[in-house]
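Residue numbers count from 1 along this sequence. All ligand and atom numbering here is 1-based and tracks the order in the structure.
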Amino acid sequence: MFNYIKKFSFNFNDFFIKSKKIKNKSFIVFFHGVEEKVIDPNTQSVQITFKNFKETINYLSSNFDILPFSDLIKIKNNGENINNKISITFDDGYKNNFEVAYPFLKKEKIPFLIYLTTNFISSKKRMPTFLLRLYFNYTKKKFFYSNFFKEEFDISTKKKKEKALHQYIHFLKNFEYTYIKFLLEDIDILLSASERKNLFEIFKSEEFLEWEDIKKMQDLCEFGSHTKDHFIFNEKNFNNAEEQLLNSKKIIDDHIGKCNHFALPNGNRNIFIENFLMKKKFPYESIATTQKKFISPRNELFVSRMGVDNIDSLNQLKYDLWNNA
Ligand SMILES: [Zn+2]
């Protein structure tokens with residue numbers, strides 16, 4: 001947030017979006033979670049407040065036509081006019097998409113799509129990156145020995161904790177998928193069972209949807225896949241990729257009968273991933289990334305999206321629209 005404030009100490013006004021530069025563009029927006037209150041943005045790093053969400057949606061709906069995701073992809077792929085047309089998506093599948101965002105979107109008749117991480121749906125699981133942040137941010141320990149890294153970590157200051165946390169997140173995102181289990185086992189000693197239970201209660205925002213919630217939202221919401229386990233595609237990790245891509249689709253198909261779109265966890269698009277996804281014919285009509293770009297009326301598998309997971313959501317989005325136009 002602070003970067004954006006530094007860059008733009010003023011508020012954008014409607015002049016910017018109505019100016020030639022942004023007028024008639026088409027884009028896809030993505031959110032993660034929406035909560036009435038965000039207690040600790042550092043730990044709840046993918047949650048935005050309902051106030052910010054409402055403000056952002058109101059702004060978008062008064063300046064653009066919000067289409068169902070599949071419709072936008074269809075007309076885009078046909079090369080038809082997509083000027084001023086946008087779509088709304090959510091990643092991961094948080095419970096608050098149903099409890100907080102959906103009632104508002106339903107009232108406003110705004111269609112949207114949620115990319116589901118299927119192994120987390122109807123489970124008590126939490127996202128591994130959230131667990132790492134939670135354990136490091138709330139531990140009372142000053143030192144701990146890591147069996148994974150075979151070294152003693154000094155976490156006696158905020159700075160040292162952050163450094164250790166980054167090392168864990170780096171391994172989680174850039175190495176074999178099987179490491180996640182060991183990384184999480186490793187930090188288990190940082191919180192007691194009761195501390196963990198209390199914190200899970202406080203940070204209910206990280207709970208996932210249940211299949212029942214998903215079925216209830218089908219009047220307005222489409223569902224895509226975000227893999228089974230928030231699987232991150234990197235060069236070291238292609239062994240399990242096919243299973244993650246295909247089985248997550250099958251699970252969603254089995255529950256609600258339809259799943260034609262996919263979003264890359266972590267949004268990382270690179271040459272290895274592209275080659276992998278293009279080589280085989282995976283049964284998705286689109287693959288969403290987190291590359292901040294507008295979309296064009298062309299038949300392309302990869303679609304870019306503008307992310308909104310910042311406390312200062314609307315200004316961030318306006319900044320990104322302006323900066324990428
Ligand atoms: Zn995700």
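The distance between the ring centers of Phe208 and Tyr94 falls below 6.0 angstrom.
Phe120 carries Lys125 over the face of its six-membered ring, with the cationic atom under 6.0 Å from the centre and within 45° of the normal.
Of the angles at the Zn ion (ligand 1), the one spanning NE2 of His230 and NE2 of His226 is 90° when given to 10°.
Looking at Asp92 and the Zn ion (ligand 1) together, the shortest N, O or S contact belongs to OD1.
When the shell of 6.0 Å around NZ of Lys293 is examined, it contains 12 or fewer heavy atoms from other residues, nucleotides or ligands.
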Exercise answer: donor-acceptor pairs, residues 191-203 side-chain atoms, under 3.5 Å, sequence neighbours excluded:
unit_1, atom_1, unit_2, atom_2, d
Ser192, OG, Ser194, OG, 3.4
Ser192, OG, Glu195, N, 3.1
Ser192, OG, Glu195, OE1, 3.4
Glu195, OE1, Ser192, N, 2.8
Glu195, OE2, Lys140, NZ, 2.8
Arg196, NH1, Tyr135, OH, 2.8

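Not one N/O/S atom of His32, from backbone or side chain, sits under 2.8 Å from the Zn ion (ligand 1).
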